[in-house]
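Lettering follows sequence order; numbering is per chain, from 1. Computed from a predicted structure; not experimentally measured. Heavy atoms only: backbone and side chains are in, while hydrogens, waters and symmetry mates are out.
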Amino acid sequence: MKMPAPSRPRKRPTIIVGSVDNSSSSSSSDDEEEEEEEVEDRVDDEDEEKGKGRNGSLSRKGVGKKAPAIIISLKKVCKVCKEEGHQAGFQGANYIDCPRKPCFLCKKPGHTTMSCPHRVALEHGVVPALRKNKQTQLDYVFERQLMSQIPKIKPTFVIPDKLDRGVVKLHSRRVTSLEFHPTMNSVLLSGDKKGQIGIWDYSKPNEKTVYGSIHSCIVNNMKFDTRNDIMLYTSSSDGTISYTDLETGIGVLLMDVNPNGWNGPSTWRMLYGMDINLDKGLLLAADNFGYLYLFDTREKVKIGESILIHRKGSKVVGLHCNPTQPDLLLSCGNDHYAHIWDIRRLETQSFLASLAHGRVVNSAYFSPHTGSKILTTSQDNRIRVWDSVFGNLNLPSREIVHSHDFNRHLTPFKAEWDPKDPSESLAVIGRYISENYNGVALHPIDFIDTSTGHLVAELIDPDLTTISPVNKLHPRDDILATGSSRSVFIWRPGGLKVEDKEAERKKEIIFCNTGKKSAKEKFNESDDDDDGDDFPSKGKNKQQKKYGGKSDKAGSSKSKIVKI
DNA sequence: ATCTCATGAATCC
DNA sequence: TGGATTCCCTGAGA
């Protein structure tokens with residue numbers, strides 16, 4: 001509980017893509033002014049004491065023209081605590097916390113988000129908690145035997161600092177999962193809340209397909225059959241696992257955990273975690289009541305009975321098989337725990353280790369190469385890292401405070417490893433709370449060095465105005481995919497494509513070495529964006545539907561960077 | 001511009 | 001223990 005307030009390097013690149021129409025109108029400068037006038041004519045304000053006076057309905061985000069300067073009047077009541085004397089909410093593009101509540105970022109009392117030590121002053125910071133782990137003998141063994149496979153010298157992270165961006169709005173509901181094709185480098189799959197699965201070849205912006213009848217609600221997981229990679233396993237809240245041929249959209253129903261159909265929400269099983277264990281020919285999935293299901297992918301049969309692996313009645317949120325140890329399974333759930341299991345001995349409470357979290361665990365992943373680290377994301381606004389599966393797992397090696405706790409209506413945030421980082425350090429995760437980027441409230445996507453907790457880079461795009469809970473880094477290329485609301489974004493290093501020359505014309509890279517830059521500098525010049533894309537008439541086959549049109553943008557717009 | 005809704009976990013009684 | 005109530009940065013459509 002020491003917070004290392006000390007100065008830390010402010011050397012983070014902020015990657016800004018696209019442009020914003022930042023016609024200085026909403027200039028942050030004047031957000032401040034309070035207008036005491038309005039106070040009197042609010043007759044009812046008087047008796048509107050605590051409890052009643054709902055939302056002050058402040059128009060949010062500094063995007064609007066006339067800064068909706070919050071009226072700080074003693075008569076008004078804070079929408080959060082219902083007390084008089086202060087107001088919570090957006091003030092321009094800055095969100096002012098209710099001072100009577102714990103910090104919205106770190107959840108500790110005594111300060112607000114604005115002054116949270118984990119926020120690195122005016123920037124957008126992430127700070128590691130103190131390393132609490134004591135080294136045990138196992139740690140040393142681990143470090144000798146396994147650590148040696150991890151490069152000592154961490155390579156420079158490859159974060160494209162000059163980006164092209166492609167966007168499609170394939171989905172009619174928010175995107176809930178993303179997966180890159182294992183062999184076709186530019187093919188991205190996306191699943192949505194409605195059960196639709198989108199396929200987008202972003203090297204050919206017009207090649208988009210949406211399959212609408214594979215699932216009937218949330219697509220929670222997608223995994224390719226790497227032995228036959230036109231086939232995709234999907235799990236859904238409709239309670240089924242589907243095995244779908246992506247060329248035809250025709251799938252096989254592998255498993256349905258609601259054989260008796262709908263009997264009300266209290267009995268309806270939804271499948272949340274899913275992973276494939278290639279070595280064992282297993283598909284593992286789990287439901288919202290705490291049970292794990294095993295399926296033999298070769299024989300195409302369910303194996304045994306379901307096994308309770310998390311608190312009865314609580315949702316199992318995620319499953320992950322260890323990439324090097326086929327016997328190890330990691331699960332996480334709404335019971336605030338992640339568990340490590342031996343797949344050969346799966347019984348209730350037989351887990352090898354239990355990792356406690358402060359709240360719901362959104363995700364838990366083994367590291368991608370050695371499988372020896374664990375990265376979890378919890379609703380208590382902390383990313384946790386365990387450096388060694390074989391060490392003392394009682395406490396994480398690191399806790400990184402990061403804003404990703406949400407209030408319904410969003411897909412859970414998950415910190416995802418960069419599969420290309422041989423040092424198994426870099427992770428990407430979207431941020432919940434917005435920052436004031438020169439008068440515009442935007443939600444960045446953060447790149448975090450999980451070995452130190454440092455925010456390595458943050459990606460923002462003036463056109464990316466919605467929160468981006470779903471992110472996936474490409475297994476081979478320096479490419480990031482993002483699911484934000486109904487849109488799917490692809491971010492890739494810029495300047496690669498010859499045909500982008502035209503767009504490049506008025507773009508420039510800006511390096512800001514001093515923290516604060518004017519809006520003009522950051523988002524100088526507007527660009528006329530890309531030439532949207534219209535949908536190709538070529539279809540792949542019947543089952544597919546196409547969406548979009550008007551607001552779609554695909555292809556690329558050149559980008560700019562600001563380094564802070 | 002304002003309202004409404006979808007929704008899930010935590011908390012309250 | 002369990003049903004009702006609450007809930008701080010949502011997003012889109014009416």
Side-chain angles (χ1 to χ4, degrees), chain A residues 50-52 54-66 68 70 77-83 86-107 109 111-114 116 119 124 169 171-176 192-194 217-218 220 237 264-266 268 270 272 288-289 310-317 333-336 357-362 378-381 402-413 430-437 440-444 464-470 483-487 547-548 550-551:
Chain A
K50 40 203 77 171
K52 303 305 110 117
R54 281 262 50 61
N55 72 348
S57 74
L58 332 154
S59 77
R60 310 189 351 240
K61 316 217 173 172
V63 203
K65 51 254 42 219
K66 47 119 46 131
I70 288 174
V77 117
C78 170
K79 69 174 181 183
V80 177
C81 71
K82 317 293 191 290
E83 300 281 329
H86 62 272
Q87 284 275 310
F90 273 101
Q91 191 169 311
N94 296 318
Y95 192 92
I96 309 300
D97 279 0
C98 169
R100 309 179 73 90
K101 291 281 187 174
C103 171
F104 194 62
L105 174 56
C106 75
K107 310 299 179 194
H111 62 271
T112 62
T113 308
M114 279 296 191
C116 178
R119 184 189 159 109
H124 334 289
K169 195 180 278 184
H171 295 275
S172 59
R173 288 292 182 271
R174 64 171 203 255
V175 173
T176 54
D192 72 19
K193 185 170 167 288
K194 199 175 165 188
C217 63
I218 311 181
N220 289 311
S237 292
S266 59
W268 184 256
M270 305 186 258
Y272 277 86
N288 54 323
F289 294 112
H310 280 272
R311 181 160 57 84
K312 191 165 188 175
S314 78
K315 185 197 295 176
V316 179
V317 183
N334 270 17
D335 59 358
H336 303 191
H357 292 70
R359 285 229 265 143
V360 168
V361 189
N362 294 346
S378 170
Q379 283 288 71
D380 63 358
N381 267 2
H402 179 264
S403 170
H404 52 252
D405 112 290
F406 62 93
N407 179 4
R408 291 177 298 181
H409 317 315
L410 283 182
T411 305
F413 290 84
R431 197 190 307 169
Y432 181 44
I433 50 176
S434 60
E435 295 291 342
N436 179 354
Y437 291 97
V440 188
L442 296 173
H443 307 270
L464 175 57
T465 53
T466 50
I467 291 173
S468 307
V470 187
S484 193
S485 189
R486 302 178 186 181
S487 298
Y547 286 95
K550 58 244 176 120
S551 58

Worksheet, complete the sentence: side chain to side chain contact (heavy atoms under 4.5 Å, CB included) filter on Ser485(A), not counting sequence neighbours, yields Thr466(A)
Sub-3.5 Å pairs of nitrogen or oxygen atoms, protein against nucleotides 12-14 of chain C:
from    : atom 1 : to        : atom 2 : distance (Å)
dA12(C) : OP1    : Ser485(A) : OG     : 2.6
dA12(C) : O3'    : Arg486(A) : NH1    : 3.3
dA12(C) : O3'    : Arg486(A) : NH2    : 3.3
dG13(C) : OP1    : Arg486(A) : NH1    : 2.8

Fill in: Atom pair CZ (Arg174(A)) and OG (Ser484(A)), whose distance is rounded to the nearest 0.5 Å
11.5 Å
Item to complete: Give a yes or no answer on whether the side chain of His171(A) reaches the backbone of Arg486(A) with a donor-acceptor pair at less than 3.5 Å.
Response: no
Discussion item. Please report the distance, rounded to the nearest Å, between NZ in Lys82(A) and P in dC7(C).
Written reply: 5 Å
Practice prompt. List in chain and number order the residues that pass salt bridge (charged side-chain N to carboxylate O under 4.0 Å, His left out) with Lys107(A), two or more places apart in sequence or in another chain; answer none if no residue qualifies.
Written response: Asp405(A)
Practice prompt. Please list, chain by chain and in numerical order, all residues satisfying ring pair (Phe, Tyr, Trp, His ring centres under 6.0 Å) with Tyr95(A), sequence neighbours excluded.
Written response: Phe90(A)
Nucleotide N/O to protein N/O under 3.5 Å, stretch nucleotides 9-13 of chain B:
from    : atom 1 : to        : atom 2 : distance (Å)
dA9(B)  : OP1    : Lys315(A) : NZ     : 3.0
dA9(B)  : OP1    : Asn334(A) : ND2    : 2.5
dA9(B)  : O5'    : Asn334(A) : ND2    : 3.4
dA10(B) : OP1    : His336(A) : NE2    : 3.2

Item to complete: Take the protein atom CG of Asp192(A) and the nucleotide atom P of dG11(C), then report the distance between them rounded to whole Å.
Response: 16 Å
Worksheet entry | Partner residues of Arg100(A) under the side chain to side chain contact (heavy atoms under 4.5 Å, CB included) criterion, sequence neighbours left out | Cys81(A), Glu83(A), His86(A), Cys98(A)
Fill in: Interatomic distance, Asn362(A) CG vs dG8(B) P [rounded to whole Å]
14 Å
Worksheet item: Does dA6(B) have His409(A) stacked on its base, where the ring centres are within less than 5.5 Å and the planes differ by under 30°?
Response: yes
Worksheet item: Rounded to the nearest 0.5 Å, how far apart are CZ of Phe104(A) and OG of Ser403(A)?
Response: 6.5 Å
Worksheet item: Does Thr176(A) have any side-chain hydrogen bond (donor to acceptor under 3.5 Å, both in side chains) partners at least two apart in sequence or in another chain, and if so, which?
Response: none
Fill in: Spacing of His402(A) atom NE2 relative to dC9(C) atom P, expressed in whole Å
18 Å
Worksheet, complete the sentence: Whole-Å distance, Leu410(A) CG to dC8(C) P, equals 15 Å
Worksheet item: When all nucleic acid strands are considered with a 4.0 Å heavy-atom cut-off, which category describes Pro102(A): base, sugar-phosphate, or nothing?
Response: base
Practice prompt. Give the rounded distance in Å between these two atoms: CZ of Phe406(A) and C1' of dG11(C).
Written response: 15 Å
Discussion item. How many whole angstroms separate atom CD of Glu435(A) from atom C1' of dC9(C)?
Written reply: 11 Å
Worksheet, complete the sentence: Rounded to whole Å, OH of Tyr272(A) lies from P of dT7(B) at a distance of 11 Å
Worksheet item: What dot-bracket string describes DNA chain B from 5' to 3', counting Watson-Crick and G-U wobble pairs whose defining distances are under 3.5 Å, with [ ] for crossing pairs and | for pairs to another strand?
Response: .|||||.||||||
Discussion item. Give me the distance, rounded to whole Å, that separates dC8(C) from dC13(B) when you measure between the P atoms they each carry.
Written reply: 16 Å
Practice prompt. Could you tell me which residues satisfy salt bridge (charged side-chain N to carboxylate O under 4.0 Å, His left out) with Asp335(A), sequence neighbours excluded, listed by chain and number?
Written response: none
Worksheet item: Can you list the steps and then say if Ser237(A) with Asn220(A) is a side chain to side chain donor-acceptor pair (under 3.5 Å)?
Response: CA-CA 7 Å; Ser237(A) 292; Asn220(A) 289 311; 3.0 Å; yes
Worksheet item: P atom, dA9(B) versus dA12(C): distance in rounded Å?
Response: 22 Å
Response to the item:
Residue set satisfying side chain to side chain contact (heavy atoms under 4.5 Å, CB included) with Val470(A), at least two apart, ordered chain then number -> Leu178(A), Thr411(A)
Worksheet entry | N/O (side chain, Lys193(A)) to phosphate O (OP1/OP2, dT7(B)) under 4.0 Å | yes
Practice prompt. Using a 4.0 Å heavy-atom cut-off across all strands, classify Ile433(A) as base, sugar-phosphate, or nothing.
Written response: base
Item to complete: Examine distances only and state if a side-chain atom of Asn334(A) and a backbone atom of Asn288(A) form a donor-acceptor pair shorter than 3.5 Å.
Response: no
